Structures are given as structure tokens and as C-alpha cells.
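Quick notes on the structure that follows.
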Amino acid sequence: MKNADPVPLQEQSDSNEITKHPAEQEKKREKDNKQDRKKKKQRNLWPLKAFIITLILSAAVNAGSELVLAESKQLWLAILLTCIILAFGVVFDMIGTAATACDVEPFLAMASRKVKGAKTAVKLSKNSHVVSSVCCDIVGDICGIVSGVCAATIVRSIVENAVDMTKTVSFIVTVVIYAVISTLTITLKAIGKNCAVNSCNKIVFGVAKFLSIFHKEG
């Protein structure tokens, strides 16, 4: 009578794993399901968080700029504040674009080697939708509104200081100033987006290293 063919060692080990750890597998499934529910809940709450953040930031920034410009009424201050707001909006737009375009794999490799800022870069990359929403939408829109306030101040300052300016000239000056600021905003953001896509990992890692100064990476 022939002996039955022996079961291969690989199959024996696989069957032993299946029968040996059913409880561990069930715990792993429950943990994964819990994490999925947590992530889904965070995604559902994000619009409310974005609303609150936008409301607070826009109120603070608009109130501050309005107070500064209303008190001084200086043309140079309005131009300086406009340039700062434009630069601020472009930089944050670049960060948001870079976060959506970057590759997380290099950051994971650096995190395994315990490179400073790598873990923060991984978080930024994995939460790119939040980073993009904050930087491009919230900060970008606030900067656009404040730059409009600055443009109105520039126009008012020029018109008030001008001698015998007709309504036609005043209208032309207003249109030209608003057009210049809008064109600068769009052009600089377009250039910034191109740079952000081409150097996305460098930008995200630079931001991560900066943020890691203020908090300890876990």
C-alpha cells in the first residue's frame, strides 16, 4: 500500500497560520474598520472646520488691514501691504499645489532613516486634500479679498490727493489699478504653480522641516 504524498511545508505553514490566528485576524479587521470610520468622520467634519477657520481668519485679516489703512491713509503703505498679501497668497498657493503633486515614497524612506521633518512631510502628503484646501482655498481667497481692500485704498488715496481730477480720469485710474493687481495675482500664481509642480517634493519637505521646529515628531 502506497503512502499518501506528503503535504508541502509551505501549505502546512499557511494552513497553520489560518487556524492558529483567527482571533488576531479578526482584531486586525476590526482595527482597520475603526480607522476607516475615523477617517470618514474626519472627512465629513472638514467642511465645518474649513468654515470656522475661514470665518475667523478672514475677519481678523480684514479687520487688521482695514484698521491699518483707515488710520494711515498712506499710499505707500497700501502698496506695500498689497505686495505682501500678493506674495503671501502665491507662496501658500505653491504649498497647496506641491502637496497634491508630491510623491510620498521618498518621505517614507527618509522617515525610516529618521531624517528630521520626514514624518511631517509624510503627514502633509497623505493629507494633501486638507493642505490644498487650507493653502489654496482658504488662505488664497482671503488674500484675494484683502488685496481688493488694498486696491480700493490705493485708488482712494490717488483720487483724494489729485488736483482737478475729472470723473473720467478717476474711472480710468480705478480700472487700471484693479486690472494691474488682478493680472499680477493671476500671473504670479500661474508661475508659482508651475514651480510647485516641478519642485513639489522639495517644497513639501522644506515646509515640513520648518513645521518640525515647532513640534516634536512622533
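Note that this is a predicted model, so its numbers are computed, not measured.
Linking ILVMFWY residues whenever their side-chain heavy atoms come closer than 4.5 Å, directly or via other members, places V204 and V104 in the same cluster. Residues L184 and V149 fall into different hydrophobic clusters, defined by Ile, Leu, Val, Met, Phe, Trp and Tyr side chains chained together at heavy-atom separations under 4.5 Å. Cluster annotation: V197 is not connected to I95 through the hydrophobic network of ILVMFWY side chains, with a link wherever side-chain heavy atoms come within less than 4.5 Å. When hydrophobic clusters are built by joining Ile, Leu, Val, Met, Phe, Trp and Tyr residues whose side-chain heavy atoms come closer than 4.5 Å, directly or via intermediates, V91 is grouped together with V131. Linking ILVMFWY residues whenever their side-chain heavy atoms come closer than 4.5 Å, directly or via other members, places I213 and V207 in the same cluster.
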Notebook entry, point to check: What do the steps show when you test I177 against I158 for side chain to side chain contact (heavy atoms under 4.5 Å, CB included), and what is the final call?
Noted result: CA-CA 10 Å; I177 290 174; I158 291 174; 3.5 Å; yes

Next item on the list: Decide yes or no on side chain to side chain contact (heavy atoms under 4.5 Å, CB included) for L77 and L81, but give the supporting numbers first.
Entry: CA-CA 6 Å; L77 184 60; L81 190 57; 5.5 Å; no

Margin query: Working note: V146 + F88, criterion side chain to side chain contact (heavy atoms under 4.5 Å, CB included); need CA distance, chi angles, decisive distance, verdict.
Written below: CA-CA 11 Å; V146 176; F88 204 70; over 6 Å; no

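Atom CG of residue L86 and atom CD1 of residue I84 lie 10.5 Å apart, to the nearest 0.5 angstrom. In this structure, L108 CG and K126 NZ are separated by 5.5 Å, a value rounded to the nearest 0.5 Å. In this structure, CD1 in I191 is found 10.5 Å from CE in M94, a value given to the nearest 0.5 Å. A distance of 9.5 Å separates SG in C150 from CG in L80, rounded to the nearest 0.5 Å. From I145, atom CD1 reaches atom CD1 of I85 across 11.0 Å, with rounding to the nearest 0.5 Å. Once rounded to the nearest 0.5 Å, the distance linking CD1 of I203 with SG of C102 reads 10.0 Å.
The minimum heavy-atom distance linking A121 with A208 is given by the pair N-CB, 3.4 Å. When every heavy atom of T97 is checked against every heavy atom of T100, the shortest pair comes out as O-OG1, 2.7 Å. The minimum heavy-atom distance between A101 and C200, with the atom names listed, is O-SG, 3.6 Å. Of all the heavy atoms in S170 and T174, the pair that sits closest is O-OG1, 2.8 Å. Among all heavy-atom pairs drawn from A111 and A118, the shortest one is N-CB, 3.4 Å.
Listed for the S112 side chain is a donor-acceptor partner under 3.5 Å among the backbone atoms of A109. Of the possible polar contacts, one joining the S212 side chain to the K209 backbone as a donor-acceptor pair under 3.5 Å is found. Checked by atom type and distance alone, the side chain of S132 never pairs as donor or acceptor with a backbone atom of S128 at under 3.5 Å. Put simply, the side chain of S199 never gets that close to the backbone of A196: no donor and acceptor are under 3.5 Å apart. For S147 (side chain) and G144 (main-chain N/O), a donor-acceptor pair under 3.5 Å exists by modelled atom type. With hydrogens and angles disregarded, no donor-acceptor distance shorter than 3.5 Å links the side chain of S157 to the backbone of T153.
For the pair V176/V180, a side-chain contact is recorded, criterion being any heavy-atom separation below 4.5 Å from C-beta on. Inter-residue side-chain proximity for F107 and N201 is flagged as met; some heavy-atom pair is nearer than 4.5 Å.
Other residues, nucleotides and ligands contribute more than 12 heavy atoms inside 6.0 Å of the OH atom of Y178.
Scanning for salt bridge (charged side-chain N to carboxylate O under 4.0 Å, His left out) contacts around K193 gives D93, with sequence neighbours left out. Contacts of F214 classified as ring pair (Phe, Tyr, Trp, His ring centres under 6.0 Å), with partners at least two apart in sequence or in another chain: F210.
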